[in-house]
Novice: 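Quick one: structure below, then a few questions.
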Amino acid sequence: MRIRPAQPDDAAAVVALRAIVHPYLVRGVESTRKMIAEPPPVEGWIAFVAEVDGQVVGWTSAEPNTSTSVEGFGDVSTLHVHPEHRRRGIGTALLTAATDHLRPLGVRRVRATATPDSLPFAHRHGFTPSREVRYSALDLTPPPALPEPPPGVRLRPIAEMDPNLLYEADVASAVDEPGDVPVDAVSFESWRYDVWDNIGLDKTASTAAEVDGEVAAFSLVKRDGERMWSDYTCSIPAYRGRGLARLAKTAALHRAAEAGVRIAYTSNDESNAPMLAINARLGYRPVASQWTCLADLT
């Protein structure tokens, strides 16, 4: 077994591994390659792979979390090991590499995610389950009908929009997003990297609902071939309760399906009742769950 920093040429193997362990996650080879080659604009981001006989059998990434005002908070993301190579210390080695990387950067509390059957592993390493996240899928054959916006509302593909306006709407909507820490410190640079400049972002399918020229709601589509991820759907507080988030998401799903997407995936915190209700009305079905887990680094 060998633990090492990920390299761009690992992208295809990393995506193949993720498809085995987490088939409901969507990130393509080129998007993964770019993430490794041109890391997020966060000081200290790193990804590790585990190799056995020259083959990638494990992955995780780690970074200080700069999207929150909570100091000393970091993330160990998407740690997973090929089922045929588990219980051999690979997960522990990946976690150790990630936390050893984060400590010198001032991270004192760390978040990771675990599937229900991985919770014993998390407990053994000092993590406490915090929040349940539901993963859901929607078959887009046939796609939902393209909705007719109500008077005064305009549906626009985000390709036509100023990214600064979308960023401002994103920041405004995320303040009360359920989570372990508030998402209240997202810089435009980080948002542009994660969202606007993401290779997988389909700016034609991603849709915003405008009211009087202001972005009131939007739904983002990140795509890999016939699969897509509903990256974020929201409405800003002043426009909530008018069905605009569902309107934008339905339009985005319709446009994605017209462009060849056949299945859509998404995730939601189990306490996010409004978004879960929207997805239920659209026909999403649960396919998996994970828990966010928290631990103090000593």
Side-chain angles (χ1 to χ4, degrees), residues 26-28 30-47 61-78 102 105-107 111 154-224 228-240 244-245 248-249 251-252 266-269 272 275:
V26 180
R27 188 171 197 136
E30 290 310 310
S31 179
T32 302
R33 186 188 306 278
K34 181 182 178 183
M35 177 181 64
I36 298 170
E38 303 171 29
V42 175
E43 183 180 356
W45 184 94
I46 194 170
S61 64
E63 64 183 324
N65 188 317
T66 59
S67 297
T68 182
S69 59
V70 176
E71 294 185 3
F73 192 79
D75 286 295
V76 174
S77 300
T78 327
L102 291 174
L105 300 175
V107 173
R111 172 175 58 191
R154 181 185 180 193
L155 292 174
R156 295 181 63 190
I158 67 166
E160 301 175 356
M161 301 181 61
D162 179 348
N164 289 278
L165 297 180
L166 201 66
Y167 164 71
E168 292 170 2
D170 195 324
V171 168
S173 67
V175 170
D176 56 357
E177 183 76 6
D180 296 300
V181 291
V183 183
D184 56 0
V186 180
S187 69
F188 180 72
E189 181 187 22
S190 291
W191 178 87
R192 182 158 195 142
Y193 176 93
D194 289 333
V195 179
W196 194 257
D197 292 337
N198 189 293
I199 290 175
L201 181 66
D202 187 332
K203 294 178 182 175
T204 301
S206 298
T207 301
E210 284 187 342
V211 178
D212 298 326
E214 184 177 46
V215 179
F218 64 85
S219 185
L220 301 178
V221 172
K222 288 183 178 175
R223 179 179 177 181
D224 178 33
M228 64 162 275
W229 181 260
S230 289
D231 192 55
Y232 188 44
T233 299
C234 66
S235 56
I236 67 172
Y239 290 97
R240 288 179 183 165
L244 298 180
K249 185 163 190 173
T266 193
S267 68
N268 301 98
D269 189 289
N272 192 345
M275 201 64 238

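If you read the sequence from its start, that first residue is 1, and numbering goes on from there. Small disclaimer: the values here were computed from a predicted structure and weren't measured.
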Novice: Would you say that Trp45 contacts Met35 through its side chain, given a criterion of any heavy-atom pair below 4.5 Å between the two side chains?
Specialist: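 Answer yes - side chains close enough.
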
Novice: Without swapping roles, check the side chain of Tyr193 against the backbone of Glu38 for a donor-acceptor pair under 3.5 Å.
Specialist: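 Yes, Tyr193 side chain to Glu38 backbone: donor-acceptor pair under 3.5 Å.
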
Novice: Which pair of non-hydrogen atoms, one from Ala159 and one from Thr204, has the smallest distance, and what is that distance?
Specialist: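 The pair with the smallest heavy-atom distance is CB-N, 4.5 Å.
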
Novice: Roughly how far, to the nearest 0.5 Å, is the CD1 atom of Ile158 from the CH2 atom of Trp196?
Specialist: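 If we round to the nearest 0.5 Å, Trp196:CH2 and Ile158:CD1 are 4.5 Å apart.
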
Novice: Return yes when atom CD of Glu177 has more than 12 non-hydrogen atoms of other residues, nucleotides or ligands closer than 6.0 Å, and no otherwise.
Specialist: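 Enclosed.
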
Novice: Output the distance between atom CG (Leu201) and atom CZ (Arg223), rounded to the nearest 0.5 Å.
Specialist: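 Leu201 atom CG to Arg223 atom CZ measures 12.0 Å (nearest 0.5 Å).
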
Novice: Can you list everything that forms a side chain to side chain donor-acceptor pair (under 3.5 Å) with Thr32? Sequence neighbours excluded, please.
Specialist: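 Here no residue qualifies.
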
Novice: Mark yes or no for whether Asp184, through its side chain, and Ser69, through its backbone, hold a donor-acceptor pair below 3.5 Å.
Specialist: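 Yes; at least one donor-acceptor contact below 3.5 Å.
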
Novice: Is there a donor-acceptor contact under 3.5 Å from the side chain of Thr66 to the main chain of Pro64?
Specialist: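 Checked: no pair found.
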
Novice: Can we say Arg154 and Asp212 salt-bridge, meaning some charged N sits less than 4.0 Å from an Asp/Glu carboxylate O?
Specialist: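 Between Asp212 and Arg154 there is no salt bridge, as every charged N stays at least 4.0 Å from the carboxylate O atoms.
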
Novice: Could you check whether Ser190 and Ser187, counting side-chain N and O atoms only, form a donor-acceptor pair closer than 3.5 Å?
Specialist: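 A donor-acceptor contact under 3.5 Å links the two side chains.
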
Novice: Roughly how far, to the nearest 0.5 Å, is the OG1 atom of Thr233 from the NZ atom of Lys249?
Specialist: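 That separation rounds to 4.5 Å.
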
Novice: Using a 4.5 Å cut-off on heavy atoms from C-beta on, say whether the side chain of Val171 contacts that of Val183.
Specialist: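 They are not in contact (no side-chain heavy atoms under 4.5 Å apart), so the answer is no.
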
Novice: Are more than 12 heavy atoms from other residues, nucleotides or ligands located less than 6.0 Å from atom CD of Glu43?
Specialist: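 No.
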
Novice: Just by modelled atom types, is the Pro182 backbone N or O under 3.5 Å from a matching donor or acceptor in the Thr68 side chain?
Specialist: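 Yes; judged by distance alone, with no hydrogens or angles, the pair exists.
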
Novice: Closest approach of Val26 and Trp229, non-hydrogen atoms and distance?
Specialist: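 Closest heavy-atom pair between Val26 and Trp229: CB-CB, 3.9 Å.
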
Novice: Carefully, step by step, assess Ser61 and Glu63 under the rule side chain to side chain contact (heavy atoms under 4.5 Å, CB included).
Specialist: CA-CA 7 Å; Ser61 64; Glu63 64 183 324; 5.7 Å; no

Novice: Is it true that Arg33 and Glu30 have a side-chain N and a carboxylate O under 4.0 angstrom from each other?
Specialist: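 Yes.
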
Novice: How close do Val107 and Gly74 get, heavy atom to heavy atom, and via which atoms?
Specialist: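 Minimum heavy-atom separation between Val107 and Gly74: CG1-N, 3.6 Å.
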
Novice: Could you grab the distance from atom CG of Leu102 to atom CG of Asn65, nearest 0.5 Å is fine?
Specialist: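 Separation between the atoms: 10.5 Å.
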
Novice: Can you find a heavy atom in the side chain of Leu166 that is under 4.5 Å from one in the side chain of Phe218?
Specialist: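 Counting from C-beta outward, Leu166 and Phe218 do come under 4.5 Å.
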
Novice: Kindly say whether Asn198 contributes a backbone atom to a donor-acceptor pair with the side chain of Lys222 at under 3.5 angstrom?
Specialist: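 The answer is no, because no donor-acceptor pair under 3.5 Å joins these two groups.
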
Novice: Side chains of Glu214 and Tyr239: is there a donor and an acceptor less than 3.5 Å apart?
Specialist: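 Side chains of Glu214 and Tyr239: pair found under 3.5 Å.
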
Novice: Is the backbone N or O of Ser235 less than 3.5 Å from a side-chain atom of Arg240, with the two atoms forming a donor-acceptor pair by type?
Specialist: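 Such a contact is found between Arg240 side chain and Ser235 backbone.
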
Novice: If you measure from OG1 on Thr207 to CG on Leu220, what distance do you get to the nearest 0.5 Å?
Specialist: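 CG of Leu220 is found 9.5 Å from OG1 of Thr207.
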
Novice: Yes or no on side chain to side chain contact (heavy atoms under 4.5 Å, CB included) for Met161 and Val215, after CA distance, side-chain angles and deciding distance?
Specialist: CA-CA 10 Å; Met161 301 181 61; Val215 179; 3.2 Å; yes

Novice: Just to verify, what does Trp191 make a ring-ring contact (aromatic ring centres under 6.0 Å, His included) with, not counting sequence neighbours?
Specialist: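 For Trp191 the ring-ring contact (aromatic ring centres under 6.0 Å, His included) partners, ignoring immediate neighbours, are Tyr167, Phe188.
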
Novice: Is there a donor-acceptor pair under 3.5 Å between the side chain of Ser31 and the backbone N or O of Arg27?
Specialist: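 Not confirmed, Ser31 side chain does not pair with Arg27 backbone.
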
Novice: Just by distance, no angles: are the side chains of Ser219 and Tyr232 close enough, under 3.5 Å, to form a donor-acceptor pair?
Specialist: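 Their side chains do not contain a donor-acceptor pair, so the 3.5 Å distance test is not met.
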
Novice: Looking at CG of Leu165 and CG of Asp162, how far apart are the two atoms once the value is rounded to the nearest 0.5 Å?
Specialist: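 CG of Asp162 is found 4.5 Å from CG of Leu165.
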
